[in-house]
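The basis for the numbers below is simple: all heavy atoms, side chains too, and nothing from hydrogens, waters or symmetry mates.
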Amino acid sequence: MKNLRITVNGTAYDVQVEELGSTSAPASAPAAAPAAAPAPAAKPAAPAGAAGSVVVKAPMPGTVVNVVVSAGQAVKAGDDLVFIEAMKMETPVKAPQDGTVATVEVAKGESVDSGKVLVTLN
């Protein structure tokens, strides 16, 4: 048995995995998991380099309870953009960097899935 920690949508899970076949197959699987982790890190780097392409996505499914910004508004890193309610808890979605709001893709009361584009920044 191998003990592994797997992160899915920001939540870490500790799991035990039983090896059934040769040891080369399980060695490939853990190598793929760390490769998936750097991919999201590279994803924000690409939008940061291109004007107007900083995309802010919903971190979880829920309902938009407040849209704090509007198109053309200047924001600083850490400013609240949108509030999403999930499981009776409001979660602020914050600006990842300084910029100007290019578009607001959601409205108050709208249901969103995890990964839905909420706001784009320049």
Participant: Do Pro61 and Val112 come close enough that some side-chain heavy atom pair is under 4.5 Å?
Facilitator: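 Pro61 does not reach Val112 side chain to side chain.
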Participant: Taking atom CD of Glu90 and atom OG1 of Thr63, what is their separation to the nearest 0.5 Å?
Facilitator: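 OG1 of Thr63 is found 10.5 Å from CD of Glu90.
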Participant: Which atom pair, heavy atoms only, marks the closest approach of Val65 to Glu85?
Facilitator: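 Answer, listing the atom of Val65 first, then Glu85: CG1-CB, 3.5 Å.
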Participant: Measure the spacing between CD of Glu110 and CD of Glu105 and express it to the nearest 0.5 Å.
Facilitator: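 The CD atom of Glu110 sits 9.5 Å away from the CD atom of Glu105.
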Participant: Do Phe83 and Val93 have side chains that get closer than 4.5 Å, going by heavy atoms?
Facilitator: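 Counting from C-beta outward, Phe83 and Val93 never come under 4.5 Å.
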Participant: Determine the minimum heavy-atom distance between Val56 and Pro96, stating which atoms define it.
Facilitator: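 Scanning both residues, the minimum pair turns out to be CG2-CD, 3.7 Å.
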Participant: Please lay out, stage by stage, how Asp98 and Val75 fare under the test side chain to side chain contact (heavy atoms under 4.5 Å, CB included).
Facilitator: CA-CA 6 Å; Asp98 294 354; Val75 295; over 6 Å; no
Participant: Measure across Ser114 and Pro59 and return the closest heavy-atom pair with its distance rounded to 0.1 Å.
Facilitator: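 That would be OG-O, 3.6 Å.
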Participant: Take Asp14 and Leu4 through the test side chain to side chain contact (heavy atoms under 4.5 Å, CB included) and record every step on the way to the result.
Facilitator: CA-CA 6 Å; Asp14 292 329; Leu4 301 174; over 6 Å; no
Participant: Please determine which of Ile84, Leu81, Thr103 meets the side chain to side chain contact (heavy atoms under 4.5 Å, CB included) test together with Leu118.
Facilitator: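 Only one of Ile84, Leu81, Thr103 forms a side chain to side chain contact (heavy atoms under 4.5 Å, CB included) with Leu118, namely Ile84.
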Participant: To the nearest 0.5 Å, how far apart are NZ in Lys57 and OG1 in Thr120?
Facilitator: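 The OG1 atom of Thr120 is 12.0 Å from NZ of Lys57, to the nearest 0.5 Å.
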Participant: Could you state the interatomic distance from NZ (Lys2) to CD (Gln16), rounded to the nearest 0.5 Å?
Facilitator: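 It is 13.0 Å, given to the nearest 0.5 Å.
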Participant: Please determine whether side chain to side chain contact (heavy atoms under 4.5 Å, CB included) holds for the pair Met60 and Thr91, giving the CA-CA distance in whole Å, both sets of side-chain angles, and the decisive distance to 0.1 Å.
Facilitator: CA-CA 9 Å; Met60 69 193 80; Thr91 302; 3.6 Å; yes
Participant: I'd like to know if Asp80 and Lys94 make a salt bridge, using a cut-off of under 4.0 Å between side-chain N and carboxylate O.
Facilitator: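 Answer for the salt bridge query: yes.
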Participant: Working note: Val101 + Leu121, criterion side chain to side chain contact (heavy atoms under 4.5 Å, CB included); need CA distance, chi angles, decisive distance, verdict.
Facilitator: CA-CA 5 Å; Val101 176; Leu121 302 175; 3.9 Å; yes
Participant: So which heavy atom on Ala71 is nearest to which on Ala102, and how close?
Facilitator: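 Shortest heavy-atom contact: CB-O, 3.7 Å.
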